[in-house]
Amino acid sequence: MSDSHLLDTDAQAWLDALAAQPDAALDALLMGEAWLGAYAAQEPAQALPQFLPVAQEDTLDSALLNWLSRQLRQNTLPPEATPKQYALALTQAGVLMQTLSLPRSVAWCRERAPTLWAWLNRQPSFASRDPRGAFLRALALHQTNRDLLPFWMGLCRQGQTRWAALALFGLRRMPVNDDGKMPEGLPTALVGGLLDYGLSLHRHAGDAPQKQTEQKRKWLGELDFLSGVYPMSSKNWQTRLRDALTVRSQDAVRPVRHWLDERWPAINQPVTTGGGRRLIEPPNWDKQIQPLINQFDRERTRVLPQLKTLVAQHAFYAQETGDAYFMTRSYRRLADFLLKSPDHQTHTARDATWALQLGQQAVLWAPGDHQSWSVVARALDELGDWPGAQTVFWYARRRFPYNDKAHNQLGHALAMHGQVAEGEAVYRAAIRRFPDDPVCWADLGNTLRIAQGPQAALAVYRQAQHRFHDNSSICNALTGVLIDLGQVAEAEAALAWAWRVADPNNKKDQGVLDSLQHRLQQLASGHPPTSKRLTPRPQGATQPLAPLEQAAGAGLQGLADLGCATLWRQAGQLDKARLALSQNAPAQDVRWQAEEAWLIAEEQGWPTARAWLEQRSGEHPGDGVLAALRLYATEQSGDAADWGSLRGRFEELAPLIRVRQDRQARQPDELRAALKAVENASGEPQLDELDDDFRMALSVYQTAQNDILAPLVQQDYLAARQLSLY
C-alpha cells in the first residue's frame, strides 16, 4: 500500500489492531465485529487486499493459521455466532488464501486436506456462502507438489458436480512434479479424473433414461469446457481419451464410451496401425507380479528387488494418471502375501513392515476400501503394535458395518490378545446383524477354541450346527472340537454327518475330512491329540497414526473406547458402556456426542436424550448425524418428526431419510442398477464389488421392515457416515 497516509481512519485502526493483537483482530474481522469504514460495504476478503500492506501479510498469515487451527480444534459453533455468520467467516478465510500471499496457512490446509474436507462437510453452509468451495479453490491455486492428487481423484469419484468441477480445476493446476513445475499441456491425471467423474455420474443415474440423459449432459458439458481450455485438434483429444480408456476395465468404462459417441464416434473405432500412443501402462499382476510371488520363498534375494521395482512402477502409474485401481488392488494382494508365514505353520510374517507401507498407500488412495484397512490392522498387529492395530480394527468395524469380515477380524484379534469377553461380544453383535451367515458362527467357535480351549467352543458349534444343519465348515469344526475333547463316539457321529453334507468335488473339504478321519483314528487307538496353546505376540514399537488419519480424514485416537461403548450399550451392559465412553473422549467430537445421545436414551429415556440433542445440534448446525438423531429422538418421544426437512441439506443421509419416512421405501434406480451391474453369471450380485456408498445404502433398505435389525443397521449407518470422507 503506497498511499498509507490516505487510508481510511477505521481501516488504519484495524491495521493497528492487527499489529498489536493479530489473532483477536482477525477473529473480529472474520466474525463481522470489526468496522472498516469506507471498506465496510465489501466482504473482508474483498476489502483487505485493497489496503493491507505487503509487510503485514506475514502477520495475517500467522493469525489466519492460528484461527483455522483453533476452529478445527474447538469443532463447534463459536458463542454468539449464528450459522450464517460462521459460514461466512469460514468462506472469507478460504477467499483470503486465494487472494493474498499466505503460504503458511495454505500449506497447513494442504497437509490436512482430507481432514479439513471432512470437517467442513459438518459445518454450516448456504447457497451464497459455502466454505467448501472457497477452500477447494485455495488449495487448487496454491499447489507446490502432487500430494493432493489422491484427494482430487476422490472428489472426482464422488460424482457431485460442484465439487468435481473444482477437483478437475485442482488437477489442471497440479504441478507435473514435486518441484512445482506447472503442466504445459493436457495433464494425464486430468483425463483420468474426467473419466472417473463420468463413471460416477453414470452409476448414480441408475437405469432411468431421463436421469442418464441429464448426467450425460453434465459430463459432456465439462468435456466441452476442457476442450476449450486445452484447444487441441479432435484427433489429439481422441488419442488422449483413447489412451486413458484402453488401460481400464472395458466393462467399467463402457458407459463413458457411449457418451463419447456424441462428440467423437471415431474414438470407439479400431485404431489404425501407428495410431494412438500409450505413454504409460499399468503393471500386470498375473504376468509380472504373480510369477515372482511364486518364487519368493525359494529365491527371496533375487525376487525382492524385482518386486520392489514393480511396486514403484505401480506408484508411478498412479501418480502420473490418477488411476489407482491397479495399485490399490495389487498392494492389497501383495501385502496379504507378505503377512503370511512362508511355511504356514509359524506365526511369523514374511515382511510385516513392507506390508504396512503398502497398506498405508492403499488406504490413502482408496479410503473407502475395507480390505486395505484390514491389511493395515493386521500388519500393525504383526509388528506388535496392538494399540494401533486395535484402533484400526475398531475403525474398520465402525466404518464398514455391512461387511461381516470387519466384525469377525476385530472379534478374533481381541480374543487373541486376551480380551475374550470383548471379542465374543463383537462376534455376538455380528451374529445379530448377520443371522443367516454361518461364517460368523464358525469364526466365533474357532476363536474361542484358540483363546480358551475346545470346551469353550463346543456350545457355539452345537448352536451353529442346529441353525446351519448342512454347512460343511461348521460340521467339520464341530468334529474337530469333539476330537480335541476326546469324545470318540460323538466325534464319529459328527464326522459321519460331515462326510454326508460335504461336496465330493471340493478338494479342500475332502482334504479336511481326511485329516479329521486320521485324527479320529489316532484318538480311537489311544493317542489323544496334542492341545495347542495361544502364544502371545511380543510387543513392538508403536507406529504413528498420522498417515492413517490423513487417509481417513478423521482422528483415530480413542476409537477403541468409543467402539466398546457402542458394543456394551447395544448388549444392554450400560455400566460398561458408560465407563468406556468416559475414556479418552475428545471435546466436542460429534462421534462421541452421538454415542452419548444413545446412551442417555438408554439410561434416562428419550425425552431427556431429545433435550440433550437439541442443545448439541445447535452447537453443530451443519452436522447431519446429530440432526438425524434429534429427529429420531423426537419420534421416540412420541411426537411427529419432519424428516423431509433434512432433504437438500444432508443428501448423504438420503437412504435413512427415505426409510424413516416410509419403511417400505423402494430402492432407488441407481442402487438397483448398481446391483445389476455386479451380478455374476447366475444372476447373484457380488456385493464385494459394489461401491461403499451403495453397500451402506443397501443395508438400510434391506432391513427397513425388520423390527430387530433396522435399529441396529440405522445406528451403524449413522456411525459410518461420521467417518465417511467422500
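Counting begins at 1 with the first residue of the sequence.
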query = Only one of D404, D716, T703 clears side chain to side chain donor-acceptor pair (under 3.5 Å) with R433; which?
reply = D716
task = Measure from the ring center of F400 to the ring center of H407 and say whether it is less than 6.0 Å.
result = no
note = Here the pair of heavy atoms bringing L168 nearest to C156 is CD2-SG, 3.9 Å
message = Does E689 have more than 12 heavy atoms from other residues, nucleotides or ligands lying within 6.0 Å of its CD?
response = yes
message = Between D369 and R399, does any side-chain N to carboxylate O distance fall below 4.0 Å?
response = no
message = I'd like to know if the side chain of W119 reaches the main chain of G553, judged simply by a donor and an acceptor atom lying under 3.5 Å from each other, with no hydrogens or angles considered.
response = no
key: Side chain W373, main chain P367, donor-acceptor under 3.5 Å   = yes
inquiry  = Tell me if a side-chain donor or acceptor on T391 pairs with a main-chain N or O of P387 at a distance below 3.5 Å.
reply    = yes
ask   = T566 and E595: side chain to side chain donor-acceptor pair (under 3.5 Å), yes or no, with the steps?
value = CA-CA 7 Å; T566 303; E595 180 55 35; 2.8 Å; yes
note = Closest non-hydrogen contact found for A335 with L358 is N-CD1, 4.0 Å
message = Please check: side-chain N/O of Q215 versus main-chain N/O of H204, any donor-acceptor pairing under 3.5 Å?
response = no
query = Any donor-acceptor pair under 3.5 Å linking the side chain of D381 with the backbone of A389?
reply = no
query = Would one find more than 12 heavy atoms of other residues, nucleotides or ligands at under 6.0 Å from atom CZ of F126?
reply = yes
Electrostatic pair R203-D691, nearest N-O below 4.0 angstrom = yes
query = Pick one: which of H620, Q74, R616 meets side chain to side chain donor-acceptor pair (under 3.5 Å) with Q588?
reply = H620
Donor-acceptor contact below 3.5 Å, side chain R695 vs main chain Y402 = yes
query = Within the side chain of T144, is there an N or O that forms a donor-acceptor pair under 3.5 Å with the backbone of G180?
reply = no
task = With rounding to the nearest 0.5 Å, note down the distance linking CD in Q123 to CG in D130.
result = 11.5 Å
query = Minimum heavy-atom separation for M327 to A315, with atom names?
reply = SD-CA, 3.9 Å
message = Using 0.5 Å steps for rounding, measure from the CG atom of L102 to the SG atom of C109.
response = 10.0 Å
query = Between L631 and S645, what is the shortest heavy-atom contact and its length?
reply = CD1-OG, 4.2 Å
inquiry  = Would Q409 and S374 count as a side chain to side chain donor-acceptor pair (under 3.5 Å) here? Give the steps.
reply    = CA-CA 8 Å; Q409 288 178 344; S374 170; 2.9 Å; yes
message = Tell me if a side-chain donor or acceptor on S200 pairs with a main-chain N or O of Y197 at a distance below 3.5 Å.
response = no
task = Indicate whether the side chain of E651 and that of Q160 have a donor and an acceptor atom separated by less than 3.5 Å.
result = no
inquiry  = Within the 3.5 Å criterion, strictly below it, is a donor on R658 or Y701 matched to an acceptor on the partner's side chain?
reply    = yes
query = Quick one: are W117 and Y726 in side-chain contact, heavy atoms under 4.5 Å?
reply = yes
ask   = Quick check: are there more than 12 heavy atoms from other residues, nucleotides or ligands sitting under 6.0 Å from OH of Y325?
value = no
ask   = Is any side-chain N of the basic residue among R157 and D692 closer than 4.0 Å to the acidic one's carboxylate O?
value = no
task = Measure across N145 and P175 and return the closest heavy-atom pair with its distance rounded to 0.1 Å.
result = O-CD, 3.4 Å
